[in-house]
Colleague: 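Please see the structure below; I have some questions.
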There are 2 protein chains.
Amino acid sequence: MDVGKATQELRARGIRLTRQRAAVLTALGRAERGLGPEEILYAARGECPELGLTTVYRALDLLVSLGIARRIHTSEGCATVVGAKAGHGHSVVCLGCGRVAEFSSCDMVSVEKAAATETGFKISAHSLELAGICAECQANGVTAAVVLTVHGD
Amino acid sequence: MDVGKATQELRARGIRLTRQRAAVLTALGRAERGLGPEEILYAARGECPELGLTTVYRALDLLVSLGIARRIHTSEGCATVVGAKAGHGHSVVCLGCGRVAEFSSCDMVSVEKAAATETGFKISAHSLELAGICAECQANGVTAAVVLTVHGD
DNA sequence: GTGCGTGCAAATTCTTTGCAATGCA
DNA sequence: TGCATTGCAAAGAATTTGCACGCAC
């Protein structure tokens with residue numbers, strides 16, 4: 001996530017950039033993994049010690065609704081949040097270390113067409129999340145899914 | 001979901017088929033939408049009046065872990081459960097009426113390859129959910145997303 | 001009969017809300 | 001300065017756990 005871009009986005013929408021929100025943005029920007037509310041609180045307090053958990057919840061709702069952050073869904077829960085690149089994108093979660101990366105090249109046309117044929121639905125949106133082993137864990141020989149598994153298949 | 005197949009699956013694994021579990025299975029089998037724990041409780045009490053909410057939670061955990069049911073993730077929450085067809089499959093949620101259908105033809109090879117190239121991850125699993133308008137809602141001219149939106153994009 | 005499974009109630013989380021005080025624009 | 005935003009504490013939801021009893025196998 002690009003913190004600079006994100007703050008611009010807030011300003012552009014006339015939303016106040018408070019110290020609290022800046023701290024949450026910084027925490028999300030620094031994290032390589034998805035973070036839960038408590039983790040964000042802890043991480044962001046380095047920059048803004050008086051930050052409260054309530055504010056973290058409110059800031060996350062805001063950032064997610066603006067598309068600046070994205071929720072990810074793991075078997076550990078669905079409250080985890082990562083910073084998002086601009087534009088359409090999806091997450092890949094590392095099954096070894098929990099690291100989250102993003103990718104944007106999701107050509108779902110053929111899959112959506114197949115699903116439409118099979119179900120009779122007119123498809124208009126997709127929610128996609130991949131899981132695997134990140135480059136670093138591959139290098140370290142980590143192969144097993146230890147920490148996280150994605151929901152569904 | 002095929003309730004008969006599901007009960008066989010339980011027996012095959014040596015798991016007791018109690019009246020409570022049977023009632024939950026029936027409720028899931030009858031529903032065309034995803035159901036939350038309370039809804040399942042209510043629906044299943046027709047068949048098993050003394051059923052408790054705790055048991056519903058426990059039964060759902062069991063069924064999901066066996067792949068007999070699947071959780072779906074909407075903006076309304078992530079506790080919703082549908083019965084699953086056997087084998088690998090994904091859900092399509094109707095944005096008009098909430099109905100859930102399943103499809104199995106998900107050829108993610110090219111998408112996963114693209115993601116692997118972009119992120120350096122070795123992809124091993126995917127979690128996919130589609131949203132759109134079901135055939136019936138299309139026929140009724142329902143076009144807008146009223147009730148549900150999927151998380152993410 | 002033997003345990004696994006259950007229901008209830010209580011305990012834990014997790015998340016949201018009310019409201020006075022604060023601080024960004 | 002004005003009003004959005006915050007922090008705290010308290011309310012509310014959602015989910016889990018402990019334990020004695022009941023029932024499927």
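Here is how names work: the chains are called A, B, and so on, in the same order as the sequence lines, proteins then strands, and each is numbered from 1.
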Colleague: Name the orientation class of the two ring planes belonging to B:H88 and B:H126 (parallel below 30°, tilted from 30 to 60°, perpendicular beyond 60°).
Modeller: perpendicular

Colleague: Within the distance-only criterion (no hydrogens, no angle test), does the side chain of B:Q20 pair as donor or acceptor with the backbone N or O of B:C48 below 3.5 angstrom?
Modeller: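 Looks like no, no N/O pair under 3.5 Å.
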
Colleague: May I ask you to say whether A:R99 pairs ionically with A:E32, meaning some side-chain N is under 4.0 Å from a carboxylate O?
Modeller: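 Counted as a salt bridge, because a side-chain N and a carboxylate O are separated by less than 4.0 Å.
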
Colleague: Quick test: give all pairs of protein nitrogen or oxygen and nucleotides 22-25 of chain D nitrogen or oxygen below 3.5 Å, distance rounded to 0.1 Å.
Modeller:
from: D:dC25; atom 1: OP1; to: B:L17; atom 2: N; distance (Å): 3.3

Colleague: Whole angstroms only, please: what is the CZ-P distance between B:R58 and C:dC8?
Modeller: 11 Å

Colleague: Hydrophobic clusters join Ile, Leu, Val, Met, Phe, Trp and Tyr when side-chain heavy atoms are under 4.5 Å apart, directly or via other members; which others share one with A:L41?
Modeller: A:M1, A:V3, A:L10, A:I15, A:L17, A:V24, A:L25, A:L28, A:L35, A:I40, A:L51, A:L53, A:V56, A:Y57, A:L60, A:L62, A:L63, A:L66, A:I68, A:V81

Colleague: When you check the phosphate oxygens OP1 and OP2 of C:dG5, does a side-chain N or O of B:R21 lie under 4.0 Å from one of them?
Modeller: yes

Colleague: Could you identify which residues of residues 38-54 of chain B place a heavy atom less than 4.0 Å from some atom of DNA chain D, listed by residue number, or say none?
Modeller: B:T54

Colleague: How long is the straight-line distance from SG of A:C106 back to CG of A:L128, given to the nearest 0.5 Å?
Modeller: 6.5 Å

Colleague: Rounding to an integer number of Å, can you tell me how far B:L62 CG sits from D:dT15 P?
Modeller: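 Between P of D:dT15 and CG of B:L62: 18 Å.
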
Colleague: Is a salt bridge present between B:R45 and B:E50, judged by a nitrogen-to-oxygen distance below 4.0 Å?
Modeller: no

Colleague: Salt bridge or not for A:E47 and A:R19, using N-O below 4.0 Å?
Modeller: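 No, no charged N to carboxylate O under 4.0 Å.
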
Colleague: Can you figure out which of D:dT6, D:dT16, C:dT15 approaches the side chain of A:A79 most closely?
Modeller: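 In terms of side-chain proximity for A:A79, the closest of D:dT6, D:dT16, C:dT15 is C:dT15.
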
Colleague: What is the separation between atom OH on B:Y57 and atom C1' on C:dG5, rounded to the nearest whole Å?
Modeller: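 B:Y57 atom OH is separated from C:dG5 atom C1' by 18 Å.
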
Colleague: Between the side chains of B:R13 and B:E9, is the shortest nitrogen-to-carboxylate-oxygen separation below 4.0 Å, so that they form an ion pair?
Modeller: yes

